Structure formats: structure tokens, C-alpha cells
Amino acid sequence: ESSYNNIDGLGRKVFSKGLLNEERDQTPLAGKSLLGRYAGVGYFEPWLFDYPIDGTLAFNHKAEARNNLWEISRSAEATISHRVRKLRPKTLIEGFTLYKEAREEAEGSVKDATLIDSGSLQIREVGVRHVSDGRKNLAWPTQGYRVTSELSTAGFVFGGGLKYVKWGLGYNIYRELMTNIVIAAGFSYTTYENVKRLDSSN
């Protein structure tokens with residue numbers, strides 16, 4: 001993981017992250033296992049057009065083995081965010097648009113049971129996020145909390161092949177037990193509603 005911050009002294013930033021892993025208990029497909037991977041690059045621009053709005057553009061590639069299938073995807077996401085300075089703790093409101101192309105691979109029996117269809121599926125999603133960050137120290141949080149929420153939708157009108165409404169909620173809390181020992185706990189919940197595929201009658 002790397003980043004270059006404060007480019008030209010204006011707060012601009014470029015960042016990247018790479019990850020390789022292999023799930024120990026994954027179900028092999030055609031006698032082969034999947035080497036999980038993630039690669040992402042992005043750019044951050046503060047104060048777009050001299051307004052108190054920040055912009056981020058990120059590109060990602062991901063491959064993971066899960067639930068008897070493989071998912072290989074690539075995506076691009078554009079985000080604008082505004083910090084509500086009058087609120088404490090630190091609060092961000094974000095609007096975003098996501099383009100994702102995903103391909104799922106599974107054995108024939110799994111496809112029949114779950115109605116998985118091979119081939120690429122395009123997703124175009126728009127939504128809003130909220131982040132309230134009350135951690136005492138972002139680099140090493142010893143106390144405080146972080147709350148996130150999200151509401152988004154994907155639809156055929158955006159040019160994608162999947163339609164749904166998604167909402168999610170996350171909460172993390174941090175408490176210092178003694179010097180250099182912190183307990184952290186949290187949960188996240190995401191649900192999809194009214195899911196439909198363009199090429200399906202259901």
C-alpha cells in the first residue's frame with residue numbers, strides 16, 4: 001500500500017493498494033483453486049472548483065472465491081464529499097457513482113441450484129453515504145467510534161444489467177484497556193431489495 005500526499009502543497013493525493021491471498025477452505029473449480037487478488041489506484045482532489053467539496057476517483061480489480069463460486073470484477077467509482085464543519089464529531093456526506101463489471105464462475109450443479117449465469121454482468125449504481133468519525137486518533141484509535149450508513153440504487157436506466165436498492169449500516173467502537181492495548185468491536189449490515197436482472201423475467 002502506498003500514497004503520495006499533498007502534491008504541489010495543495011492537498012492532492014494519489015494512492016494504490018495491492019493484495020494477494022488464497023482462501024484455505026475454498027471449493028476448487030475444475031480441480032483448480034483461485035488465487036485471490038485485489039489491486040486499486042486512485043486520485044484525490046480537494047476543493048473542487050473552489051467549493052468545499054472533495055473529489056475522489058478510484059479504479060479497482062478484484063478476484064475472490066466465495067460460496068462455491070468465483071467472482072472476478074473490475075470497477076470505477078467517482079465520489080464527491082463534503083465535510084459538515086458545524087457538526088462534531090467529524091461528519092462527511094458523500095455522493096457517488098459506481099461502474100462495475102463482474103463475472104461469476106461455478107460448477108454446473110451450483111449454477112443449476114443458484115441460477116448463476118456465466119458471463120459478464122454490468123452494474124451502474126448511484127448513491128449517498130454518511131460517515132461520522134468520533135475516534136480520538138485516526139492512526140491509532142484508543143477510544144471513540146465510527147458510524148457509517150449508505151443508500152444506493154442500481155437500475156437499467158443507467159445502462160447496467162442489474163436493478164436493486166441497497167442500504168447498509170456500520171458501527172465500530174474503540175476502548176483502551178491499558179497502554180498499547182485496545183479493544184475494538186463493531187458490526188456491519190447490508191441488504192439488497194427488489195433485485196432484478198435485465199435478462200431475467202423474475
Side-chain angles (χ1 to χ4, degrees), residues 15 17 19 21 23 26 34 36-44 53-84 87 89-106 110-111 113-135 145-173 184-202:
F15 53 90
K17 182 177 181 179
L19 174 70
N21 72 291
E23 294 290 340
Q26 67 173 282
L34 177 70
R37 56 192 180 271
Y38 171 85
V41 296
Y43 174 74
F44 172 81
I53 297 174
D54 301 327
T56 303
L57 186 62
F59 301 90
N60 302 292
H61 168 79
K62 187 175 184 180
E64 63 177 338
R66 58 181 179 84
N67 298 332
N68 298 318
L69 61 87
W70 295 350
E71 182 180 283
I72 299 94
S73 65
R74 56 185 180 181
S75 63
E77 182 176 277
T79 304
I80 57 172
S81 60
H82 172 66
R83 179 176 177 178
V84 185
L87 293 181
K90 177 181 177 181
T91 299
L92 293 175
I93 304 297
E94 298 182 340
F96 68 92
T97 178
L98 169 72
Y99 170 79
K100 181 178 179 181
E101 186 176 280
R103 186 179 80 253
E104 292 182 334
E105 298 182 8
V110 175
K111 293 179 184 178
T114 60
L115 302 180
I116 291 173
D117 186 22
S118 297
S120 297
L121 178 66
Q122 294 183 353
I123 300 171
R124 299 191 180 183
E125 180 181 320
V126 295
V128 293
R129 296 191 189 102
H130 148 267
V131 179
S132 289
D133 200 331
R135 292 176 293 178
Y145 64 91
R146 187 174 189 268
V147 179
T148 62
S149 60
E150 178 179 318
L151 175 64
S152 61
T153 182
F156 307 141
V157 68
F158 305 131
L162 196 63
K163 178 181 179 181
Y164 58 76
V165 175
K166 180 178 75 173
W167 63 273
L169 178 66
Y171 179 75
N172 295 85
I173 189 169
F187 79 92
S188 63
Y189 178 80
T190 302
T191 184
Y192 292 79
E193 300 177 357
N194 301 320
V195 180
K196 293 183 180 180
R197 290 187 63 145
L198 183 62
D199 55 359
S200 173
S201 59
N202 296 327

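Quick caveat, the model's predicted, so the values are computed rather than measured.
When all heavy atoms of A154 and I123 are compared, the closest pair comes out as CB-CG2, 4.2 Å. Between T91 and H130, the shortest heavy-atom distance links the atoms CG2-CD2, 3.9 Å. The two residues L169 and S149 come nearest to each other via the heavy atoms CD1-CB, 4.2 Å. The minimum heavy-atom distance between L98 and S75, with the atom names listed, is CD1-CB, 3.9 Å. Counting all heavy atoms, side chain and backbone alike, L57 lies closest to A78 at CD1-CB, 4.0 Å. Minimum heavy-atom separation, Q122 to G159: OE1-O, 4.0 Å.
To the nearest 0.5 Å, atoms CG (L92) and OG1 (T148) are separated by 11.5 Å. Interatomic distance, Y145 OH to S132 OG, rounded to the nearest 0.5 Å: 6.5 Å. Note that the CZ atom of F15 and the OH atom of Y43 stand 11.0 Å from one another [nearest 0.5 Å]. Taking NE2 of H82 as the start and CD1 of I93 as the end, the distance is 8.5 Å to the nearest 0.5 Å. Going from atom CZ of F156 over to atom CG of L162 covers 7.0 Å, rounded to the nearest 0.5 Å. Expressed to the nearest 0.5 Å, how far CZ of R37 lies from NZ of K62 amounts to 12.5 Å.
Put simply, the side chain of P89 does not reach to within 4.5 Å of the side chain of D133, judged on heavy atoms. The shortest side-chain heavy-atom distance between L151 and V165 falls under the 4.5 Å cut-off.
Identified under the salt bridge (Lys or Arg N to Asp or Glu O under 4.0 Å) test for residues 150-164, with sequence neighbours left out: R129-E150, E150-K166.
Between E104 and the choices L69, I72, L121, the side-chain contact (heavy atoms from CB on, under 4.5 Å) rule is met once, by L69.
For the residue pair E125 and Y164, a side-chain donor N or O sits within less than 3.5 Å of a side-chain acceptor on the partner.
Legend: residues meeting salt bridge (charged side-chain N to carboxylate O under 4.0 Å, His left out) with R74, ordered by chain and number and at least two apart, are E101.
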